[in-house]
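One structure is given here, and the rest of the page talks about it.
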Amino acid sequence: MPSLPVPSTRSASSPEPFQQDPARGRVSSPGGERFTVVPVDFIRRLPEAIRATFGERTRDALYRTGYEWGLQAMAQFSARLRAASPGGQEVWRMEAKNILDSWWASFATAGWGTCVFDLGGIARGLVIVELRNSAVVAALGVTEQPVCDLYAGLFAGALSFCEREERHAVEVQCAAAGQDPCKFAVGPGADVDAVETWRQKGDGPADILRRLR
Ligand SMILES: [Zn+2]
């Protein structure tokens, strides 16, 4: 099972949700998911390490990494849910808000921040995600551009699995650039492309989100 990195940003006083088994080299959630604990410095150095190979495509590489991670994480979450439900119910037949909230709970526990999923546009495949306490923002600090490409990929991958249709994502505003919370638009490629077009025309995040809705 691909592991879920746990950035060490949790408060030392918060309850310890992980079970440690040093003899087997395992850190697991109460639900049995295996985790990998990494220092925040790992996230801080990730872009520069990837840049050595991908150069200008670094942000895209981070997005694609997040996408595969989100796809696999949601597939595993779905399998656990199916195994636990009496009728073996599939994830895409369940209420999307509950699925996303439950899926993200492990990420929140692991220090990846808290999310609110706005499904007001789900009928046309559009989800707006608000993210607070991004681990990437915590690691990279103040920047001029959105930096949460890993998260954008995560959300796109997870929603692609849930919707059983290719979804794309873009970070519309980022706390690293002084616009807290980070906000993402996740949806069909045409919607995400439109966000880029509006942004290049100079539209701000509030205008873009209003146009999307
Ligand atoms: Zn961000």
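Just follow the structure's listing: the first ligand is 1, and inside any ligand the first atom is 1. The figures here come from the full heavy-atom set of this structure, side chains too, leaving out hydrogens, waters and symmetry mates.
Inspection of the Q19 and R26 side chains reveals no N or O donor paired with an N or O acceptor under 3.5 Å.
Sorted by chain and number, the protein atoms of type N, O or S within less than 2.8 Å of the Zn ion (ligand 1) are C148 SG, E171 OE2, C174 SG, C182 SG.
With sequence neighbours left out, R210 forms a side chain to side chain donor-acceptor pair (under 3.5 Å) with D207. Scanning for side chain to side chain contact (heavy atoms under 4.5 Å, CB included) contacts around A73 gives W69, W103, F107, with sequence neighbours left out.
Residue R45 qualifies as open at atom CZ: its count of foreign heavy atoms under 6.0 Å is 12 or below.
Heavy atoms only, all atoms of each residue included: C162 and M74 are closest at SG-CE, 3.4 Å.
Applying the side chain to side chain donor-acceptor pair (under 3.5 Å) definition to pairs two or more places apart or across chains, those involving residues 185-206 are D203-R211.
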